[in-house]
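To start, the structure itself, in structure tokens.
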Amino acid sequence: MTADDPERIEPRTLKGFRDYLPGQMIPRERIIDTARRVYRSYGFAPIDTPALEHLDVLTGKGGGETEKQLYKFQDAGGRWVGMRFDLTVPLARFAAQHLAELGTPFKRYHIATVWRGENVQRGRYREFMQADFDTIGTLSTAADVETALVIHDLFLALGFSEFTIRVNNRQVLTGLLQRLDLAGKAVEILRAIDKLGKMGPEKVQAEIVEVAGATADQAARVLSMVSLKGENGEVLRQLDGLVEGSETGQQGVSRLRDLLAAAIAAGVPKERIRLDVSIARGLDYYTGTIYETFLTALPGIGSVCSGGRYDNLAALFTSQQLPGVGASLGLDRLLAAMEELSMLPKSATPADVFIPFFDATRLHDYLRLAASLRQAGLGVELYPDPKKLGQQLSYADRRGFRFAVIVGGDEFAGGTCQLKDLADRSTATVSIAESVRPLVEEIRRRKSA
RNA sequence: GUGGCUGUAGCUCAGUUGGUUAGAGCGCCAGACUGUGGCUCUGGAUGUCGAGGGUUCGAGUCCCUUCAGCCACCCCA
């Protein structure tokens, strides 16, 4: 093939779809591992579902926005199929289909790729990964609390200390709207409220009047509630007054009060979990607690972990009432955030130890050494060509290896090796005559130091 | 889907009113240094100027289309 070969195909990826190089994939896998570990530590069990579903499963009763973003096509057999655009709808189908054998309460996590044909932006792609966890089959506030605790543990485990889980409860707003006779326009009003951070109160109020047909006075009252600021306890007290006379509203406030108290009792610092009456979440199926997680250093990127409680997950598929609560970690958005915050290590190798192929006649010895280090649990890469040592070390340095174990003629003769710490350029002579154990211990010691 | 900005070497960019063989820095490869990587010096390779079409004697430079990226709307992870 030549450069002007007309048959040559340009290598490229679809808009919004990306390749992941080792430098990106290593931290990505680390986030996945962390999420998995935290979810499992609470007893959430892994599941998976197909990427493709029957189209009607995904579209359900039809919803404007998601339907527009849905990737759909006819398969070879003429069936209409769609690619999942979130993990909640597949969970609903899954629950309706298998819950009889699983029983409730059922806690699952699901880390998988989803697809949305929407316009791309920083941290927003057409193919991205979500890491969901949900507890279904219970109405208990305990599950709501646990959801917040999982989010909290997760972000700590990921290396964040500056973040805020904002919580709210749909029932509070619903209660207020009932009192204002605006209950029928809840969806439009919620959507307007969701824009509060971006547009400011005046425009939101105008939108409520315009889109929901509310009077200026009604809109002002919605705004006054949604604009409540201050300590969690203070806001709760004010909400008590605002929802007075609405059973739903009172229940919402009461659940928020319980949730916050329990989360703080469980060790979440109060600055990391805040009642924020303005968060509403676009999705209409949330009926109770709502969660959004913001990074203090990067509020502009939006929520990196969102979720909430729903009354009836699988109404579309079964008459069985399935309440639940859960949240979704936006892995790719989070990764974009971490990259921007320089939280990603630059290493492009998953291994700790580099062994230069130094003495061209000793391949077998190098292979043996590498094997015994691996057996001790270390990741080891042996360079494939006996090039000059400087070049090999330069390669190791670029890749981000931490250690080089150098063994040449002198070392073979003396039964030793040189352990070189690429980070601080120091070297130490370690005996490997009897066993590699001293070497392994030295590496471990330096790693944890 | 709508609107704005951008697209030149692996990366960041320069490229004069359209004018012959398209440049820099960084990176990469090699050597100086036949057993030790971040410095220095020397040499070297690399471009369908995002793609396609048009205007022109002549286009990286102008026009149209298209693709991709960034930003806003929208929505959301």
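Residue numbers start from 1 in every chain, and the chains themselves are labelled A, B, ... in the order their sequence lines are given, proteins ahead of strands. Atoms considered below: every heavy atom in the structure, side chains included; atoms not considered: hydrogens, waters and symmetry mates.
- Not counting sequence neighbours, the partners of A/D424 by the side-chain hydrogen bond (donor to acceptor under 3.5 Å, both in side chains) test are A/S426.
- A straight line from CG of A/L389 to C1' of B/U36 spans 4 Å, rounded to a whole angstrom.
- The residue from A/Q69, A/K15, A/R124 that alone fulfils the side-chain contact (heavy atoms from CB on, under 4.5 Å) condition with A/N119 is A/K15.
- Among the duplex regions that RNA chain B forms, those built from at least three successive Watson-Crick or G-U pairs under 3.5 Å are B:1-7 with B:67-73, B:10-13 with B:23-26, B:28-32 with B:40-44, B:50-54 with B:62-66, ordered by first number.
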Just the table, please: protein N/O against nucleotides 40-48 of chain B N/O, every pair under 3.5 Å.
| residue | atom | partner | partner atom | Å |
| --- | --- | --- | --- | --- |
| B/U48 | O4 | A/E10 | OE1 | 2.8 |

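- A distance of about 14 Å separates the P atoms of B/C28 and B/G10, rounded to the whole Å.
- Residues passing the side-chain hydrogen bond (donor to acceptor under 3.5 Å, both in side chains) test with A/E29: none are found, sequence neighbours excluded.
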Heteroatom pairs (N/O) under 3.5 angstrom, protein to nucleotides 28-30 of chain B:
| residue | atom | partner | partner atom | Å |
| --- | --- | --- | --- | --- |
| B/A30 | OP1 | A/Q391 | OE1 | 3.1 |

Enumerate all atom pairs, one protein N or O and one N or O from nucleotides 7-10 of chain B, separated by less than 3.5 Å.
none

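- Of the C1' atoms belonging to B/C75 and B/U48, the separation is 38 Å, rounded to the nearest Å.
- For the pair A/R402 CZ and B/G37 C1', the computed distance is 15 Å after rounding to whole Å.
- Straight-line distance between the P atoms of B/C29 and B/G37: roughly 15 Å, to the nearest whole Å.
- The side chain of A/E411 has B/G35 as its nearest neighbour among B/C76, B/G35, B/G37.
- Side chain A/R116 to base B/C75: no donor-acceptor pair is found below 3.5 Å.
- Contacts of A/T293 classified as side-chain hydrogen bond (donor to acceptor under 3.5 Å, both in side chains), with partners at least two apart in sequence or in another chain: none.
- Across the P atoms, B/G54 and B/A14 are found 29 Å apart, a figure rounded to whole Å.
- Using P as the reference atom, B/C74 and B/G19 are 44 Å apart when rounded to the nearest Å.
- Evaluation of the ring-ring contact (aromatic ring centres under 6.0 Å, His included) test over residues 409-429 of chain A, restricted to residues two or more places apart or in two chains, returns A/Y366-A/F412.
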Which atom pairs link the protein and nucleotides 2-4 of chain B when you take only N or O atoms and keep those under 3.5 Å?
| residue | atom | partner | partner atom | Å |
| --- | --- | --- | --- | --- |
| B/U2 | O4 | A/N119 | ND2 | 2.8 |

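- Mapped onto RNA chain B by nearest heavy atom, A/D424 and A/F358 fall at different nucleotides, with A/F358 at the one closer to the 5' end.
- Annotation: B/G27 and B/C11 have their C1' atoms spaced 7 Å apart (nearest Å).
- Dashed line: the shortest gap from a side-chain N or O of A/R425 to OP1 or OP2 of B/G38 is under 4.0 Å.
- Phosphate contact (OP1/OP2 of B/U36, side-chain N/O of A/Q418, threshold under 4.0 Å): absent.
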Protein N or O to nucleotides 64-69 of chain B N or O, pairs below 3.5 Å:
| residue | atom | partner | partner atom | Å |
| --- | --- | --- | --- | --- |
| B/G69 | OP1 | A/G16 | N | 3.2 |
| B/G69 | OP2 | A/K15 | NZ | 3.4 |

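- Atom P of B/G15 sits at a distance of 26 Å from the matching atom of B/A45, rounded to the whole Å.
- A distance of about 24 Å separates the C1' atoms of B/U6 and B/U46, rounded to the whole Å.
- Under the side-chain contact (heavy atoms from CB on, under 4.5 Å) rule, A/I31 has a single partner from A/R36, A/M129, A/M338, which is A/M338.
- The aromatic rings of A/Y395 and A/F354 are tilted relative to each other, their planes meeting at an angle between 30° and 60°.
- In this structure, the nucleotide among B/G37, B/C75, B/G35 sitting nearest to the side chain of A/D410 is B/G35.
- Judged purely by atom type and a 3.5 angstrom limit, A/R166 has no side-chain atom pairing as donor or acceptor with the backbone of A/I290.
- For residues 416-441 of chain A, no residue pair satisfies the ring-ring contact (aromatic ring centres under 6.0 Å, His included) rule, not counting sequence neighbours.
- Partners of A/F163 according to the ring-ring contact (aromatic ring centres under 6.0 Å, His included) rule, which considers only residues two or more places apart in sequence or in another chain, are A/H152, A/F155.
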